[in-house]
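To start, the structure under review is shown below, and the notes come after it.
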Amino acid sequence: RFDRPVVGWHHGVRCAPRAFDNDALDTDALDYHALDYHALDNHPTKRTTHVKPSPRRVLFAGGGTAGHVFPALAVARALVTLEPDIEPVFVGTRDRLEDRLVPAAGFRLHHVEAIPLPRRLSPELLKVRGGVMRAVTAFEQIIAYEQILGAATFGGYVSFPASWAA
């Protein structure tokens, strides 16, 4: 038995069940998505009829060459066509092909520093671990800031830290 209604969050709005019966409510079986809600906004006559959901964001990482960028753009366009509420968010490096093509295609682009892997044994190999860790940290911050739900990588030096962070 409860003295006041159970309050929760539904699509970002503080809500309570509209038809509340203290004696009949089983809180263990309470499913907020199955109940009829009204907003707790101190306006008893005002009801929430539609709450616009935030876009679902998907991270796309891939770059350096057209073989990585064009497939990523094609998949992003197809995804938006199939699911219009999905918002592709691209991550790439500055001064590479993705820096021009992604904004021209109408998508947002975040920049990270990608460390290329040296092809021979050299002192440059010592910089790789730190560079990858910085890139992973940058990706983790982008994922948190953008509230990314999924990630797709398409190759290039930027893909490994993106996959690791996701």
- Query: Which pairs count as side-chain hydrogen bond (donor to acceptor under 3.5 Å, both in side chains) when at least one residue sits in residues 131-141, sequence neighbours excluded?
  - Reply: none
- Can you list every pair that meets salt bridge (Lys or Arg N to Asp or Glu O under 4.0 Å) and has a residue in residues 94-108, with sequence neighbours left out? Glu87-Arg108, Arg108-Glu146
- Task: Run the numbers on Phe60 and Val102 for side chain to side chain contact (heavy atoms under 4.5 Å, CB included), then give the verdict.
- Result: CA-CA 10 Å; Phe60 284 83; Val102 171; over 6 Å; no
- Non-hydrogen atoms of Leu97 and Thr65 that approach each other most closely: CD2-C, 3.7 Å
- Task: Sorted by first residue and then second, give each salt bridge (Lys or Arg N to Asp or Glu O under 4.0 Å) pair with at least one member in residues 112-126; sequence neighbours left out.
- Result: Glu124-Lys127
- Query: Is there a chain of hydrophobic side chains (I, L, V, M, F, W, Y, each step under 4.5 Å between heavy atoms) that links Met133 to Leu125?
  - Reply: yes
Give the table of side-chain donor-acceptor pairs shorter than 3.5 Å for residues 71-84, with sequence neighbours excluded, one pair per line with atom names and distance.
from: Thr81; atom 1: OG1; to: Arg77; atom 2: O; distance (Å): 2.8
from: Glu83; atom 1: OE1; to: Arg56; atom 2: NH2; distance (Å): 3.0

- Pairs flagged by salt bridge (Lys or Arg N to Asp or Glu O under 4.0 Å) wherever residues 152-163 is involved - sequence neighbours left out: none
- Beyond-backbone contact of Leu109 with Val89, side-chain heavy atoms, under 4.5 angstrom: no
- Taking the side chain as every heavy atom from C-beta outward, state whether Pro161 and Val136 have any atom pair closer than 4.5 Å. yes
Under 3.5 Å donor-acceptor pairs involving side-chain atoms of residues 150-157, not counting sequence neighbours:
from: Thr153; atom 1: OG1; to: Ser163; atom 2: OG; distance (Å): 3.4

- So which pairs with a foot in residues 113-136 pass ring-ring contact (aromatic ring centres under 6.0 Å, His included), sequence neighbours left out? none
- Is Leu126 isolated, or which residues cluster with it under the ILVMFWY side-chain rule of less than 4.5 Å, directly or via members? none
- Task: Treating Ile, Leu, Val, Met, Phe, Trp and Tyr as nodes and any side-chain heavy-atom pair under 4.5 angstrom as an edge, say whether Phe160 and Leu59 lie in one connected cluster.
- Result: no
- Item | Hydrophobic cluster membership, Trp164 vs Ile143, 4.5 Å side-chain cutoff | no
- Can you see which heavy atom on Val112 is nearest to which on Ala138, and at what distance? CG1-CB, 3.9 Å
- Note on the structure: Residue pairs passing the ring-ring contact (aromatic ring centres under 6.0 Å, His included) test with at least one member in residues 104-139, sequence neighbours excluded, are Phe90-Phe107
